[in-house]
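What follows is a single structure, written as structure tokens, with notes after it.
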Amino acid sequence: MKYPFEEIELKWQKYWEENQVYKTDFKNDLRKLFSLVMFIYPSGAKLHCGHWYNYGPADSWSRFRKLRGDNVFEPFGFDAFGLPAENFAIKSGVHPYDSTMKNIEDIKGQLKRIGTMYDWSGELMTCSPEYYKWNQWLFLKLYEKGLAYRKNAPVNWCESCNTVLANEQVLADGTCERCSSIVIQKNLTQWFFKITEYAERLLDGLDRINWPEETKTKQRNWIGKSTGAEIIFKVENSDSEIKVFTTRPDTLFGVTYIVMAPEHPLVDKLTTAECSQKVKEYVQNSAYLTEIERTSQTKEKSGVEIGAFAINPATGEKVPVWIADYALLSYGTGCVMAVPGHDERDFEFAQKYKMEVKKVILQPGTGESDVLTEAYTGEGTMINSGKFNGIRSTQGILEVIKFLEESGFGKGKTNYKLRDWLISRQRYWGTPIPIIHCEKCGEQPVPIEQLPVELPYDIQFKPTGESPLRSHPEFMNVKCPKCGGNAKRDPDTMDTFVDSSWYYFRYCSPKYAAGMFDEEITDKWVPVDMYIGGREHSTMHLLYSRFIHKFMFDLGMAKTDEPFKRLVHQGTITNMGAKMSKSKGNIVIPEPFIDKYGSDVFRLYLMFMGPYEMGGDWSDKGITGTERFVQRIYDLAEANAGLLKNYPDTERFDISHINPEEKGLYTKLHKTIEKIEYDIENLKFNTAIAAMMELTSEMVKHISGCSNEFKAHIFERMLILIAPLAPHLAEECGEILGRKGTIYENPVWYEADKNALIDETVNYAIQISGKLRGTILMPIESTQEEVYEAAKSDPRISKFLEEKEIIKQIFVKNKILNLVVKP
RNA sequence: GCGAAAGUGGUGAAAUUGGCAUACACGCUAGACUUAGGAUCUAGUGGAGCAAUCCAUGGGGGUUCGAGUCCCCCCUUUCGCACCA
């Protein structure tokens, strides 16, 4: 009979749900396993194959662990705040709340068809006040500790859309994603979280978690630690000082000019009257470039002199001060000491503007008088550096720092590329920032007992560039919590990455009202043991949550200081070479395939396509392969209906007491058990399925020659092996075969019988001088002599040995015999 | 430019440690059963050659009895980061 997937998938999904098979008992934390996939943004585009590729295999892994005896918690929820819903509202007039609720309903329906073990009692959505209340609480805690603060900062601004854009909405060429006009930088007062305070701990923690090396490397690069010195340059005829950061204090004697970022606050003050016109033009010009444009290496460097001179603290020499947009205000001190002799960028700039190049590090193997034709950035001996002459540059770094510290002109300093996290958005559909601005008392936190600050439903969606909340008087006008006078709420909302930086805690007690989460549970159930999601979050979500988690640890609310013990990235499924996205119109939806083949076949196919962490371009070409495979298993079960009712399970068989067909199957089965254990644990689903296919083929061929007791043994184990990969199929076949109880209510895993893993004979590869000339079947553990004799007497091999002298034999037991002959 | 990953049949891909390259599938070819086949089953299927054999893991060197796997150089693709002083 054709495998009736429609009926049975519904039947088992209903059964699992009604019997609460996947409900987690938090009281039992023995062998607890928190298995998590990144929650979904409920967009109108709904679930596509990429989502399935994330959730299906992740669920198979969790199911495998459940069968092995782990107490698995696998929750799901919705990352429900965010820009797309609001943009949709601007276009269509549908309120973000309404569209989001509808999308969540739709997606939930789609999700249920996968047949996952989600414990829906953990379900949450970030847009509900009972969730975002705790975002606000978190904000206030950070505020209290000085880790949330407001400052003026440059942001992306589209003059045509009249709004702030997230970095992700600015295309690589510096234009607006929506209207293609140029995006400029504009200074606005914004809220930040001080993630930089945690930079060192964020680096340290990476050494203690089981994450892909590529992701750890990305985070390390993103944090971008570099050590060097901060050096003070006095300014001639001024009481101002210019501070620079450098990783090469050993090149201090080679400084020939200073570069400041055009937006540097000292620029106005230090610019002389003669230069002011040129400087003003330059500053204005660079404001129209995006950071992306400014920092693109293809652009030629440019700059102007501001007329001031700085004094080199080591030499007393005066050097000109320039502004140039290759200096970034956001890194280091925003000022650079330029050493054209030993820095490529400074060299390029000095060439263009005809500035002096001083050689202070001697490249090994070159002479002092050799002229530099390019910057030498390596190590060497210090020259032209006063009392430091002759010192190796690596040592010189330390010596110069010592000199700076003693003379008060600077100090050793560590710098990070990581910037503070800008969390305010001039948007409606997010968590309101719980701050009240009072003209008299200034910035006032909303008292905790007044949380949540609820997002009003009635609101005007117009892309005005201001938060829509600002034009909602009932929301905006409040009394100051301190003086009771009239005051205004902060009109901004939080970045949705705040929501996702602690949601895994909340899953354990989504309805908890006495705090962010029930620590009695999270103390035992957090951290997440397995986290599966895409690479695109390597430096965003995955860094933010590590930061927030460490903060929770500092508050005493988390027992560990890392949120995700083990991390795996599934590969990206592309379509026609491009990542699936609604705007590209290349989304592949799963429904047609589930309708045609069923959920298990589709899940199997996704896992069978290739290595899980690799992904690839979508094609449904091979799906019939997994369809046939499922049908063969179903046929086998039907042909042996009731078997397990009539024949009890035998734990193991003695190989010497079963017939050859049974023996072959027995060995195959137990080898398959071992392979599948290794493969699924390591998310190598494709080879696990291949192994199951092999086992199934062997069963189809040989099962009729087996005793009923033996059949019962193999079917019982085969069901358990396929259960994580095709859960509906396994339950149904179990029922057909007359198995006692359902699989997932009574999880069990069978260990491989080690005795069955050893073959009695092995196929030796016989090589002559490294070339394969034949194979011979030998009893296991044969000696070199025995194999050699057998090889010599085999005509296929002996003909290569005629009149040849064997000068060496290489023998690898149970594998290979290589006879090296004289050429 | 820097960093990471990858390159194996017509296609998706296997190959825990240096030890029989191409498992498992898709597709294709032939046959069987069929009114029929986009069903099922059986056999075959890296390339060249009648054959013995030879050649094949992006290209070129090397180490080794033996290299898809280790080392060096180069090419291509994908993804990150992109003047970070």
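These values consider heavy atoms only, across backbone and side chains, with no hydrogens, waters or symmetry-generated copies. So you know, we letter chains A, B, ... as the sequences are listed, proteins then strands, and number each from 1. None of the values given here were measured: they were computed from a predicted structure.
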Checklist line | Ring geometry between A:Phe245 and A:Tyr331 (parallel below 30°, tilted from 30 to 60°, perpendicular above 60°) | finding: perpendicular

Notebook entry, point to check: Using a cut-off of less than 4.0 Å, is there contact between a side-chain N or O of A:Arg773 and OP1 or OP2 of B:C54?
Noted result: yes

Notebook entry, point to check: Base, sugar-phosphate alone, or nothing: which one does A:Ser226 contact when heavy atoms must sit under 4.0 Å apart?
Noted result: sugar-phosphate

Next item on the list: Compare side-chain N and O positions of A:Thr624 against OP1 and OP2 of B:G38 and report whether any pair is under 4.0 Å apart.
Entry: no

Next item on the list: Tell me the partner of B:U17, counting only Watson-Crick (N1-N3 plus N6-O4 or O6-N4) or G-U wobble (N1-O2 and O6-N3) with both under 3.5 Å; none if nothing fits.
Entry: none

Item checked: Spacing of the P atoms in B:A25 and B:G44 (rounded, Å) -> 14 Å

Checklist line | Length of the CG-C1' vector between A:Leu817 and B:G66, whole Å | finding: 12 Å

Check: Under 4.5 Å between any side-chain heavy atoms of A:Glu536 and A:His541, yes or no?
Finding: no

Notebook entry, point to check: Looking across every strand, which nucleic acid part, if any, lies under 4.0 Å from A:Lys799 by heavy atom: base, sugar-phosphate, or nothing?
Noted result: sugar-phosphate

Check: In the strands shown, is B:C24 matched to any nucleotide by a Watson-Crick or G-U wobble pair with both distances under 3.5 Å, and which?
Finding: B:G12

Next item on the list: Consider the side chain of A:Lys596, meaning its heavy atoms from C-beta on, and name the nucleotide among B:G38, B:G3, B:A85 that approaches it most closely.
Entry: B:G38

Checklist line | Base paired to B:G31 (Watson-Crick or G-U; both N/O distances under 3.5 angstrom) | finding: B:C41

Margin query: When the C1' atoms of B:G68 and B:A14 are compared, how many Å lie between them, rounded to an integer?
Written below: 11 Å

Notebook entry, point to check: How close or far is atom P of B:U40 from atom CG of A:Asp635, stated in whole angstroms?
Noted result: 10 Å

Checklist line | Base-contact (B) and sugar-phosphate-only (S) positions in nucleotides 16-22 of chain B, heavy-atom cut-off under 4.0 Å, - elsewhere | finding: B--BBS-

Check: When rounded to the nearest 0.5 angstrom, what is the spacing between OG1 in A:Thr227 and CD1 in A:Ile401?
Finding: 7.5 Å

Notebook entry, point to check: A:Glu627 or A:Val336: which one's nearest nucleotide on RNA chain B is closer to the 5' end?
Noted result: A:Glu627

Next item on the list: Can you tell me, in whole Å, how much space there is between the C1' of B:U53 and that of B:U42?
Entry: 31 Å

Next item on the list: Check the distance between B:A23's P and A:Phe629's CZ and give it to me in whole angstrom.
Entry: 18 Å

Next item on the list: Using the P atom on both, measure B:G46 against B:C24 and round to a whole Å.
Entry: 12 Å

Item checked: Closest nucleotide among B:C24, B:A4, B:A85 to the A:Glu214 side chain -> B:A4

Margin query: To the nearest 0.5 Å, what is the distance between NE2 on A:His670 and CD1 on A:Ile758?
Written below: 13.0 Å

Notebook entry, point to check: Between A:Asp635 and A:Arg628, is there a side-chain N and carboxylate O pair less than 4.0 Å apart?
Noted result: no

Notebook entry, point to check: When the distance from NZ of A:Lys218 to C1' of B:C79 is rounded to whole Å, what number comes out?
Noted result: 7 Å

Note to self: With a 4.0 Å cutoff (strictly under), does any side-chain N or O of A:Arg628 reach OP1 or OP2 of B:U40?
What the structure shows: yes

Next item on the list: Could you please name the partner base of B:U63, counting Watson-Crick and G-U wobble pairs only when both distances are under 3.5 Å?
Entry: none

Checklist line | Whole-Å P distance, B:A30 and B:A23 | finding: 22 Å

Notebook entry, point to check: With rounding to whole Å, what would you report as the distance between B:G27 and B:C81 at their C1' atoms?
Noted result: 41 Å

Checklist line | For B:A5, the Watson-Crick or wobble counterpart (both distances under 3.5 Å) | finding: B:U77

Check: Across all strands shown, which nucleotide pairs with B:C54 by Watson-Crick or G-U wobble geometry, both distances under 3.5 Å?
Finding: B:G47

Next item on the list: Classify the ring geometry between A:Tyr353 and A:Phe349 as parallel (under 30°), tilted (30 to 60°) or perpendicular (over 60°).
Entry: tilted

Next item on the list: When you get a sec, tell me which of B:A25, B:C54, B:U53 is the closest nucleotide to the side chain of A:Ser697?
Entry: B:A25

Next item on the list: Scan A:Phe800 against the nucleic acid and name what it touches under 4.0 Å (heavy atoms): base, sugar-phosphate only, or nothing.
Entry: sugar-phosphate

Note to self: Please check: side-chain N/O of A:Glu6 versus main-chain N/O of A:Gly598, any donor-acceptor pairing under 3.5 Å?
What the structure shows: no

Margin query: Counting only Watson-Crick pairs (N1-N3 plus N6-O4 or O6-N4) and G-U wobbles (N1-O2, O6-N3), all under 3.5 Å, who is the partner of B:G68?
Written below: none

Check: For the residue pair A:Phe497 and A:Tyr544, does the interplanar ring angle fall in the parallel (under 30°), tilted (30 to 60°) or perpendicular (over 60°) class?
Finding: tilted

Enumerate all atom pairs, one protein N or O and one N or O from nucleotides 9-13 of chain B, separated by less than 3.5 Å.
residue, atom, partner, partner atom, Å
B:G12, O2', A:Met609, O, 2.5

Next item on the list: Indicate yes or no for a side-chain donor-acceptor contact from A:Gln809 to the backbone of A:Leu817 under 3.5 Å, with no hydrogens or angles considered.
Entry: no

Notebook entry, point to check: Is B:G18 in the syn range, within 90° of 0, or in the anti range?
Noted result: anti

Checklist line | Any donor-acceptor N/O pair, A:Thr572 side chain to A:Thr574 backbone, under 3.5 Å | finding: no

Next item on the list: Could you check how far NE2 of A:His569 sits from P of B:G80, rounded to whole Å?
Entry: 13 Å

Check: From the list B:A85, B:C24, B:A82, which nucleotide is the closest neighbour of the side chain of A:Asp343?
Finding: B:A85

Checklist line | Whole-Å gap separating P (B:U40) and CZ (A:Arg632) | finding: 10 Å

Checklist line | B:G66 and B:C54, which share atom name P, separated by this distance in whole Å | finding: 16 Å

Notebook entry, point to check: Taking the six-membered ring for Trp, are the ring centroids of A:Tyr612 and A:Tyr53 within less than 6.0 Å of each other?
Noted result: yes

Note to self: If you only use heavy atoms from C-beta on, which nucleotide in B:C54, B:C81, B:A85 is closest to the side chain of A:Lys417?
What the structure shows: B:C81

Note to self: If the test is ring-ring contact (aromatic ring centres under 6.0 Å, His included), which one of A:Phe608, A:Trp52, A:Phe5 qualifies with A:Phe602?
What the structure shows: A:Trp52

Checklist line | Atom pair distance, as rounded to whole Å: NZ in A:Lys808 and C1' in B:G66 | finding: 10 Å

Next item on the list: Write down the distance separating the C1' atoms in B:C70 and B:U76, rounded off to the nearest Å.
Entry: 23 Å

Note to self: Could you tell me how far apart A:Asn575 (CG) and B:U78 (P) are, to the nearest whole angstrom?
What the structure shows: 17 Å

Notebook entry, point to check: Can you find a heavy atom in the side chain of A:Lys194 that is under 4.5 Å from one in the side chain of A:Trp421?
Noted result: no

